[in-house]
Amino acid sequence: MAQDYKQTLNLPKDDFTIPMRANLPEQEPKWQQHWNQMDLYRLMQEKAAPKGAFVLHDGPPYSNGDIHMGHALNKVLKDVIIRFRRLQGYRSPYVPGWDNHGMPIENAVSQQFIQQGKTADRVALREACRAYAKRFVDIQREQFRQLGCVGDWDRPYLTMEYGFEACIVRVFGELVQKGYIYRDMRAVLWCPTCETALAEAEVEYEEKTSDSIYLRFPLLEDSKGVLSGLQNPYIVIWTTTPWTIPANMAVAVHPDFNYQVVQVDSQNACYLLVDSLVEATMSAVGIEDYRVVKNFKGRELEGIQFKHPLFERASPVVLANYVLSDEGTGVVHTAPGHGAEDFATGKRYNLTILSPVDGKGVFTDEAGEFAGLKIMPEGNKRIIERLQEVGHLMKHETYQHNYPHCWRCDSPLMFRTTVQWFMSIDHDLHRERSLEAIDQVKWFPEESRNRITAMVRNRPDWCISRQRAWGVGIPAFFCENCEGALVTPESVEAVAAVIEREGSDVWYSKPASEILPPGTQCSHCGAGEFRKETDVLDVWFDSGSTHRAVLETRPELTWPSDLYFEGSDQHRGWFNSSLMIGIATKGASPFRSVVTHGFVLDGDGRKMSKSEGNTILPKDIMRASGADVLRLWTASVEYFEDVRYSDEILKYVVDAYRQIRNTMRFMLGNLYDFMPDVRVPYDQLPELDRWMLARLQEFLKTSLRAYDSYEFHRFYQAARQLCNVDLSAFYLDVLKDRLYASAPNDPARRAAQTVMFDMTSVICRLFAPFLVHTMEEVWTRLPMPDKPQSVHLADFPEPQPQWENEALLNLWSQRREARDIVNRKVEEAKNEKRIPNPQSACAKIAADPTYYDLLSPLGDDLPRLFGISQAELTPGAQSGLEVEVVPAEGVKCARCWLVLPDVGSSPAFPDLCGRCAKVIEAIS
RNA sequence: GGGCGCAUAGCUCAGUCGGUAGAGCGCACCCCUGAUAAGGGUGAGGUCAUUGGUUCGAAUCCAAUUGUGCCCA
């Protein structure tokens, strides 16, 4: 009976391999618990590290909300890196961190207070922010752990920890000490209702109806005589914010535009404006009898002094590249106190920065006759009236446009110039030294270097102050007597010391006198009464200090780090801020290399956004498919660029996961009676097996190279090729007869097992950084005494030069071409119903001399190569192979299922082939 | 508007010095039922985003355009 013979075959055994169905969502938490119990992270750190330390410094995510796909991509790849470095023999500590201070949390917490109808003072607000941040640290930490990421999760770094906050203060102190810090004016968007500066993210652009006016500035002084001979020349400007006219300090023209003077006889006046807008402007102001009398390049006008239309002061012509030639008059009213571009121009021309408006949007005494008026609408109205009275208003109408509004109270915003703190980027050749440091850093991908170089080369000084509550207070004091600033090494250290003990809230809860050393005197006037600065530091200053607060304080870490690994937006963000602080305080870059990854887009390549409804959360993927599948996805994509994610894409990754898993499962199932003591030495392996090892060697080298260059997708592609094509479709398929039908201890079977063991062992360890749970399961099944208790404590496989064999690779790739030819013929025969299946086929092959030499050495194994029962090889073909597929003669062997002529040749076993009869005799 | 990228088969990726476009998956059809919610075979699939240029010859080099992403204004 056939059933009886099945027991005599060496079929793969389920008890010795992994289950076909992974059921990852259920299994993964068990593995994670297992690792927690053995304290895997500690064991990884304690393992001998012959190559020394490899420190990846974690960029802190913001502690707000669930983790999104960008976080998942980032953290998984970091985890892969610290794991493979560990496997390579490095000690690779991972201290995760969070960025806690900042506007989003402050705003969320403020909203909560508002909804509850409560008002909070600064200390109460900050306490609530701290609690909020902590809650999301816990939520995100749990999600990162579910992704399978290992690290010192019990001792992460938090930028709101007292020690960290003290470090930030000290870093600021060092910058002061070295002369990097200064105070200056800067235009900020300001909400007159909330009385606060707004960050760009808090600004909403909405339609607004504004007053639109054309007005003229009379000529005051033209020392170079550029406009000589013209009657009553005026320059014409257009603005939609009449209230900024009192702050006007200049009129700007574009150096390259053509400007024209038009004479209007009916008004006995000449008007200067850009050529392309003469017609539109004259039409807008209702002048018909004009004629062009003169042309100028914008740059020729520089320095001509016009007179402010309302005040007795000059408004000179300045040059600016942002002037447009398709709107207004091509002459820009410049109020350095009320606009960012105007401010920059004002600085360039050393104009007075006048901002005669207070925090409530009311004109101050500096606005002269307008003092006390709200800028809108009263101020606008009065100014327009006054312009009319003095005769310089040329037109007034209303105008619809997008205008910045406060996201909270919806008020129209204004630009207001305020005093801010800055870090100089050019002090002490800082910029040059930063650029040199960038040159020394390794950037992956190399294009990254262009981006960071351009950023650093062009970046302005760093405005490090924010008018917010939830942050580290700028540790400066102001003299109550003379308003002089006090920032000395002693005062900064006094602040740092108290923050280190009690947290940065003390800056708000304690008076200056309890923080400063007794007897502190103002260096300007000698007075002893001080008040504290109320601004906080930009959160980029916090995160830019992580290398000081973390790398320098944790004994397991090093300064500088070996690697920063973040999204490409961090060129402007964390890479930049870390480098600025690193160069300024340590004279060197805090990272030796930087890898950047792209953003996660949806299946159509569009950005994921909540409003579009195309977001997918990692926790949902983990729940449905498992973390290992999500991790495998990160291996499948070329992440230096933006990557795509969709359910469809994940489906393909799930398929890939199954195929890899099944390949491993099959090999393990066939190793149930294998142990190292039955290994077959390399030189006694059949040629096919040595070919397989040559392929393994090739794969191994490709994979290690891919890991080293962080091009994990190359490893993924190579692994899929190996598993699907070389193993599943070819080697393992060919091997089945040898494995199943041979005597268990047949050297040929032991040889196959030897190769499968090496194969499994190598693939398992190479995939371990990605498929952390699955490969741990494989590892437990690997028949190997004295192995490390976790694959994550093993070593990466090393290339085996003795496996290398170029000649075998060539030989077998040609033999597989022959296999392809035969396969096509078998398929043909199948389709023509000449044979039902390959097992009943015999291939009659005539070969040219080349093919004959290639195939004849295989002898009886030739049909195995073709996956059929019989093959007859003869020389004599003109070229290539001539193949005829015919039904195999003989009977199907009841044991090995090959159709062979010698079935029944052994009288004792009439339904067995000769080979199977012999095997049965031997084992019984 | 500016800076830095990207665009090759349905999907994920290769493509060396410029020389007739490749892989795996998926798909279709077939086989197997001793890897079985597996496994094998065969096959179809591309105007290399578009346009122009350089060249004997362009996926590849140059320019512009379109789409898309990050950063900035």
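Each chain gets a letter, A, B and so on, in the order the sequences are listed, and its residues count up from 1.
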Any base atoms under 4.0 Å from A/Ile649, or only sugar-phosphate, or nothing? Heavy atoms, all strands.
sugar-phosphate
Is the terminal nitrogen or CZ of A/Arg819 (NZ for Lys, CZ for Arg) located under 6.0 angstrom from the six-membered ring centre of A/Phe730 and within 45° of that ring's axis?
no
With a 4.0 Å limit, can you tell me whether A/Arg451 has a side-chain N or O closer than that to the phosphate oxygens OP1/OP2 of B/G3?
no
Watson-Crick or G-U wobble partner of B/A38, both distances under 3.5 Å
none
Please determine, for B/A59, whether a Watson-Crick or G-U wobble partner exists with both distances under 3.5 Å, and give it or none.
none
Which is true for A/Val725 with a 4.0 Å heavy-atom rule: it touches a base, it touches only sugar-phosphate, or it touches nothing?
sugar-phosphate
Roughly how many Å is it from NZ in A/Lys830 to C1' in B/G43, rounded to a whole number?
12 Å
With heavy atoms under 4.0 Å as the rule, sort A/Glu828 into base, sugar-phosphate or nothing.
nothing
Base, sugar-phosphate, or nothing for A/Glu341, non-hydrogen atoms under 4.0 angstrom?
sugar-phosphate
Distance-only donor-acceptor check, side chains A/Ser840 and A/Asn837, under 3.5 Å:
yes
Taking only N and O in the side chain of A/Asn831, is any of them less than 4.0 Å away from OP1 or OP2 of B/C30?
no
Counting only side-chain nitrogens and oxygens, does A/Arg658 get under 4.0 Å of the OP1 or OP2 atom of B/C25?
no
On RNA chain B, nearest-nucleotide positions of A/Val637 versus A/Glu641: which is more 5'?
A/Glu641
Are the charged groups of A/Arg815 and A/Asp861 less than 4.0 angstrom apart, N to O?
no
Mind calculating the distance between NZ (A/Lys13) and C1' (B/G34) to the nearest angstrom?
12 Å
How is A/Ala656 classified with respect to the nucleic acid when contacts are heavy atoms under 4.0 Å: base, sugar-phosphate, or nothing?
nothing
Indicate, with a heavy-atom threshold strictly under 4.0 Å, whether A/Asn450 touches base, sugar-phosphate, or nothing.
sugar-phosphate
Any side-chain N or O of A/Gln570 below 4.0 angstrom from OP1/OP2 of B/C4?
no
Base, sugar-phosphate, or nothing: which does A/Lys607 touch, judged by heavy atoms less than 4.0 Å apart?
sugar-phosphate
Pairwise distance CD1(A/Ile845) to CG(A/Leu881) - rounded to 0.5 angstrom:
6.5 Å
In whole angstrom, give the distance that lies between atom CD1 of A/Ile660 and atom P of B/C25.
12 Å
For A/Pro836, which contact category applies under a 4.0 Å heavy-atom criterion: base, sugar-phosphate, or nothing?
sugar-phosphate
With sugar-phosphate meaning primed atoms plus P, OP1 and OP2, does A/Lys736 contact a base, only sugar-phosphate, or nothing at under 4.0 Å between heavy atoms?
base
Between A/Phe770 and A/Phe712, is the ring centroid distance below 6.0 Å?
yes
Map A/Gln659 and A/Asp569 onto RNA chain B by nearest heavy atom, then report which one ends up closer to the 5' terminus.
A/Gln659
Separation of atom CG in A/Asp14 from atom P in B/G34, rounded to whole Å
13 Å
Once you apply a heavy-atom cut-off of 4.0 Å, does A/Arg459 come out as touching a base, just sugar-phosphate, or nothing?
nothing
Using the aromatic ring of A/Tyr740 (for Trp, its six-membered ring), decide whether it stacks on the base of B/G34 within the limits of 5.5 Å and 30°.
no
Would you say the side-chain atoms of A/Thr774 and A/Asp628 include a donor-acceptor pair closer than 3.5 Å?
yes
Residue matched to B/G67 through Watson-Crick or wobble contacts both under 3.5 angstrom:
B/C6
Check every strand shown and say whether A/Ser728 touches a base, only sugar-phosphate, or nothing at a heavy-atom separation below 4.0 Å.
base
Would you say A/Asn837 places a side-chain N or O within less than 4.0 Å of OP1 or OP2 belonging to B/C32?
yes
Looking only at side-chain N and O atoms, does A/Arg661 come under 4.0 Å of OP1 or OP2 in B/A37?
no
Please state how far atom OH in A/Tyr322 lies from atom C1' in B/A73, giving the value in whole angstrom units.
13 Å
A/Arg644 CZ to B/C70 P: how many Å, rounded?
14 Å
Using a cut-off of 4.0 Å on non-hydrogen atoms, how would the nucleic acid contact of A/His713 be classed: base, sugar-phosphate, or nothing?
sugar-phosphate
Sort out the partner of B/C32 for me: Watson-Crick or G-U wobble, both distances under 3.5 Å, none otherwise.
none
Mind checking whether A/Phe565 and A/Tyr639 have ring centres under 6.0 Å apart?
yes
Scan A/Met667 against the nucleic acid and name what it touches under 4.0 Å (heavy atoms): base, sugar-phosphate only, or nothing.
nothing
Taking a pair as Watson-Crick or G-U wobble with both distances under 3.5 Å, which nucleotide is matched to B/G1?
B/C72
Looking for any heavy atom pair under 4.0 Å, which part of the strands does A/Cys723 touch: base, sugar-phosphate only, or nothing?
nothing
Audit row: A/Arg661, A/Glu777, salt bridge (Lys or Arg N to Asp or Glu O under 4.0 Å) steps and yes/no:
CA-CA 11 Å; A/Arg661 183 181 176 92; A/Glu777 191 179 7; 3.5 Å; yes
Partner of B/U20 by Watson-Crick or G-U wobble geometry, both contacts under 3.5 Å, or none?
none
Rounded to the nearest angstrom, tell me the gap between atom CG in A/Asp604 and atom P in B/A49.
18 Å
In Watson-Crick or G-U wobble terms, both distances under 3.5 Å, what is the partner of B/G43?
B/C27
